[in-house]
There are 2 protein chains.
Amino acid sequence: MSKYLNVKYYIETPESIKKTADLIAKMQSTGTWAGVKQETKKLVKKFGAKVKDIRILKQTKKIHLPTRAKNKNKINCAEIIISYPWENFGKNIAMLISTVAGEIYDLSELTAIKVIDILFPYDYLKLFKGPKFGLSGSRDTVKAYNRPLFGAITKPCVGLSAKEIAKLAYEVSFAGIDFIKDDELLADASYNSITDRTREVSKALKSVYEKTGKITMYAFNITDNPDKVLKLHDIAVKNGARAIMFNVLTGGFNTLNMLAEHTKVPIHCHRDFAVSTFRSPYIGITSYVFTKLTRLAGGDQIQCGGISGYLYEEDDEVLKSFDACLENFGNIKQSLPVSSGGMWAGKLPVNLRKIKHNDFLFLSGGGVFGHPAGGFGGVKSILSAYEAIKNGKKLEESNCPYLKKAIQKFGKVEY
Amino acid sequence: MSKYLNVKYYIETPESIKKTADLIAKMQSTGTWAGVKQETKKLVKKFGAKVKDIRILKQTKKIHLPTRAKNKNKINCAEIIISYPWENFGKNIAMLISTVAGEIYDLSELTAIKVIDILFPYDYLKLFKGPKFGLSGSRDTVKAYNRPLFGAITKPCVGLSAKEIAKLAYEVSFAGIDFIKDDELLADASYNSITDRTREVSKALKSVYEKTGKITMYAFNITDNPDKVLKLHDIAVKNGARAIMFNVLTGGFNTLNMLAEHTKVPIHCHRDFAVSTFRSPYIGITSYVFTKLTRLAGGDQIQCGGISGYLYEEDDEVLKSFDACLENFGNIKQSLPVSSGGMWAGKLPVNLRKIKHNDFLFLSGGGVFGHPAGGFGGVKSILSAYEAIKNGKKLEESNCPYLKKAIQKFGKVEY
């Protein structure tokens with residue numbers, strides 16, 4: 001049985017790499033700056049983190065983070081791997097993060113410290129149940145297979161009443177969308193409560209189903225205090241919700257984990273604030289690590305940024321997060337990766353080309369509801385784009401008037 | 001009644017500042033990149049965020065964050081203030097953060113985006129109860145007034161049994177310490193559970209009280225899944241705990257908020273992972289903003305970095321976080337600010353000189369338990385240092401053998 005979890009860091013330091021790697025291992029397990037007599041060899045052997053690997057990279061002269069440290073002429077750079085005994089934190093994602101990505105950020109010896117990867121042994125993964133539904137459960141909910149799922153985000157993000165949202169949901173479900181979600185800015189609002197919204201939207205979606213047979217899942221954002229999260233989940237499910245949504249880092253990883261063990265429907269996960277810890281190459285964790293942790297906590301559908309979208313990330317980084325959703329992860333189910341942020345019909349070809357498979361949710365907000373013919377037209381433009389691609393045609397060759405209008409408004413198709 | 005919450009940002013962008021400020025206000029409230037017809041004037045008037053102020057700063061040529069944006073020759077810099085209608089998120093710290101510090105970090109138009117301050121109107125603060133005990137309640141618990149509180153962190157951070165921790169607690173309580181806490185790396189561990197630790201430590205502290213009359217509070221780290229957090233709190237309090245501890249960002253702001261409304265004892269708050277969003281000047285939030293949010297959520301005692309310590313922050317930044325604990329905050333009680341990270345007796349003079357008042361917790365880990373005479377000697381060295389300062393003496397003039405030994409081991413006193 002593997003008792004260690006390996007964490008890969010990128011570090012920069014004016015000190016020696018060896019000394020700094022040792023410091024991290026020490027400070028994040030049994031050590032302290034002063035040394036105490038209770039830190040016996042026996043205790044360190046069992047509970048101490050260890051430097052497992054060091055790969056020296058070339059030096060830099062740049063100081064990438066503010067620091068009290070003096071003597072900063074040459075900065076050493078390296079990738080290092082530290083092994084942590086996972087008994088130190090157990091089945092507790094908050095404590096796992098506090099351990100491997102905690103006070104390290106505070107150390108003045110470091111002028112860059114980025115968690116690049118966490119390698120989980122299967123024995124550790126076994127402590128968790130992961131997503132209850134994941135990729136396959138999300139497909140089963142809407143009975144859509146062998147193609148990407150298509151989704152819409154209700155817009156405007158905030159300010160609509162429950163009935164107005166239900167009207168939008170009706171429109172896009174009727175047009176054939178698989179998935180709809182709240183914007184991450186809307187949760188249980190005073191002017192549009194989860195109780196009202198789940199009731200109105202479910203009624204609208206039921207009516208579409210009765211007319212057309214189309215099943216659409218709507219993910220209601222229930223990010224809130226944890227005791228309320230469980231209540232909102234129960235209200236949503238009772239009112240017919242087929243999915244819920246959660247803002248992971250602001251809402252809390254452990255609340256997600258609790259919710260995942262409780263939920264009766266898939267959980268759609270948003271990253272928002274977490275990007276403040278991804279984006280700098282010199283501090284924080286990567287989106288890849290965040291996505292892994294979200295999957296571990298039980299996120300069924302995970303936002304990964306957007307292929308060729310308006311968000312900052314290069315496509316390769318987005319694809320790494322896709323990997324985190326889909327790669328082998330012991331007993332843990334695959335999550336459904338989501339491409340979002342500036343998506344519209346004309347971005348579908350480049351998404352399919354770069355992603356190279358069908359197992360993702362293509363999610364549009366403005367690209368659906370900003371369509372000149374409204375949400376109905378937006379959905380039709382995307383479905384027609386997919387039809388064209390399946391038939392080996394250019395989107396510009398399609399006869400669909402909604403797709404033509406989308407191209408007119410949103411610009412060039414990306415292949 | 002003020003319906004707006006004002007947020008101050010530092011931004012850098014290759015675009016015009018005016019356009020970028022408008023984009024932030026739009027994207028974080030009613031807008032989308034594509035424009036939708038439901039975004040009516042009436043809706044924007046009520047729910048839209050507004051640019052309230054712009055202060056242009058000098059341009060830079062440096063690109064401080066990775067971005068897809070092209071055209072990056074000149075980068076415009078500014079401080080801007082955006083006003084958000086707080087009805088959009090209500091009494092929900094997660095949703096507040098997702099709104100004011102959410103998808104902004106994703107925008108490729110920005111090459112720096114830092115939340116510098118959140119200005120809360122009193123009407124918004126009234127939704128929250130804040131710390132139940134705070135500064136004054138923490139003092140009352142240990143009956144210590146008109147002087148700093150002195151605290152110790154049990155070391156080694158991990159690996160000790162409940163009985164071993166109780167032994168350390170006995171030692172430092174007997175020496176006269178006010179406060180003890182778990183390291184942030186230790187919570188409800190399989191080898192040292194909260195049940196065992198609270199029982200053993202409380203027994204030890206009771207025995208000191210019976211012998212000496214000294215009351216010491218020990219903050220037990222109960223960071224865990226939220227349903228378990230409440231149970232661990234109840235176990236701890238039943239076993240005699242006088243404080244608990246919580247890792248704020250990894251454990252979740254809303255879990256802290258729930259816990260604060262439930263707790264029967266003060267909550268000591270650790271920041272660990274949150275530093276990954278403070279440290280770069282170009283992304284994230286400041287420690288000042290984090291401390292304000294922690295106080296709002298109900299943190300009674302808040303770690304603020306250390307004056308002249310080993311952490312990266314300059315003292316001015318630490319003092320800003322102290323302000324966040326103590327400044328006027330409507331109906332919300334003062335929190336107890338904590339100076340920690342490399343503290344020992346010889347750092348007390350510089351702490352008192354820079355902090356300029358007594359309302360803080362001077363917290364040492366290695367500086368207590370790394371003392372040549374162990375925890376007892378460490379505490380005595382700190383208390384003697386305070387005696388010397390009170391009597392207008394240099395620490396080097398003190399006759400206390402423990403203080404002499406501390407200076408021998410830890411180095412120069414800082415005044």
Side-chain angles (χ1 to χ4, degrees), chain A residues 29-30 32-36 38-39 43 47 65-68 87-88 90 92 94-95 97-99 101-103 105-106 108 155-159 184-185 187 190 223-227 247 250-252 254-255 257-258 272-273 275-277 279-280 283-284 310-312 342 365-367 369-370, chain B residues 29-30 32-36 38-39 43 47 65-68 87-88 90 92 94-95 97-99 101-103 105-106 108 155-159 184-185 187 190 223-227 247 250-252 254-255 257-258 272-273 275-277 279-280 283-284 310-312 342 365-367 369-370:
Chain A
S29 60
T30 58
T32 166
W33 62 276
V36 301
Q38 286 82 0
E39 194 184 350
L43 185 139
F47 297 98
L65 292 174
T67 175
R68 287 177 190 260
E87 188 183 358
N88 291 7
N92 186 334
M95 289 304 296
I97 300 173
S98 289
T99 301
E103 218 165 74
Y105 298 115
D106 260 315
S108 51
K155 300 280 173 185
C157 313
V158 293
E184 85 278 3
L185 300 178
S190 58
T223 307
D224 213 309
N225 278 18
D227 43 350
N247 299 356
T250 62
N254 285 34
T255 301
N257 191 224
M258 173 186 75
D272 53 78
F273 177 57
V275 177
S276 77
T277 172
R279 190 163 167 186
S280 165
I283 194 158
Y310 64 70
L311 308 183
Y312 77 98
F369 291 105
Chain B
S29 60
T30 58
T32 166
W33 62 276
V36 300
Q38 287 81 1
E39 194 184 348
L43 185 139
F47 297 98
L65 292 175
T67 176
R68 287 177 190 260
E87 189 183 358
N88 291 6
N92 186 335
M95 289 304 296
I97 300 173
S98 289
T99 302
E103 219 165 72
Y105 298 116
D106 260 315
S108 51
K155 300 280 173 185
C157 313
V158 293
E184 86 278 3
L185 300 178
S190 58
T223 307
D224 213 308
N225 279 18
D227 43 350
N247 299 357
T250 62
N254 285 33
T255 301
N257 190 225
M258 173 187 75
D272 52 78
F273 176 57
V275 177
S276 77
T277 172
R279 190 163 167 186
S280 165
I283 195 158
Y310 65 70
L311 308 183
Y312 78 97
F369 291 105

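On a predicted model such as this, the values are computed, not experimentally measured, just so you know.
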Looking at [X] and [Y], would you say the former's side chain and the latter's main chain have a donor-acceptor pair under 3.5 Å?
X        : Y        : value
B/Thr250 : A/Met95  : no
A/Arg279 : B/Leu65  : no
B/Arg68  : A/Leu311 : yes

Chain B: which of [options] shares the most heavy-atom pairs with it under 4.5 Å?
options                                : result
A/Gly367, A/Ser276, A/Gly252, A/Ala101 : A/Ser276
A/Ser29, A/Gly284, A/Ala187, A/Gly90   : A/Ser29
A/Gly251, A/Cys157, A/Ser190           : A/Cys157

Under a 4.5 Å cutoff for heavy-atom pairs, which residue among [options] has the most contacts with chain A?
options                              : answer
B/Thr277, B/Leu43, B/Thr67           : B/Leu43
B/Asp272, B/Asn92, B/Ile97, B/Asp106 : B/Asp106
B/Gly102, B/Pro226, B/Gly366         : B/Pro226

Do B/Ser280 and A/Ser280 have a side chain donor and acceptor closer than 3.5 Å?
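No, because no side-chain N or O of B/Ser280 sits under 3.5 Å from a partner of the opposite role on A/Ser280.
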Any side-chain donor near an acceptor of the partner, A/Thr223 and B/Ser98, under 3.5 Å
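Their side chains do not contain a donor-acceptor pair, so the 3.5 Å distance test is not met.
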Would you sort out whether A/Glu39 and B/Lys155 count as a side-chain contact (heavy atoms from CB on, under 4.5 Å), showing the intermediate values?
CA-CA 8 Å; A/Glu39 194 184 350; B/Lys155 300 280 173 185; over 6 Å; no
Euclidean distance, [Y] [atom2] relative to [X] [atom1], rounded to 0.5 Å:
X        : Y        : atom1 : atom2 : result
A/Ile283 : B/Tyr312 : CD1   : OH    : 7.5 Å
B/Thr255 : A/Met258 : OG1   : CE    : 7.0 Å
A/Tyr310 : B/Trp33  : OH    : CH2   : 8.5 Å

Side chain, backbone, both or neither: which part of [X] has a non-hydrogen atom closer than 4.5 Å to chain A?
X        : result
B/Leu185 : both
B/Asn88  : both
B/Asp227 : both

Side chain / backbone / both / neither for A/Asn225 at chain B, heavy atoms under 4.5 Å
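A/Asn225 touches chain B through backbone and side-chain heavy atoms alike.
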Closest non-hydrogen atom pair, A/Thr30 against B/Pro156
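Scanning both residues, the minimum pair turns out to be O-CB, 3.2 Å.
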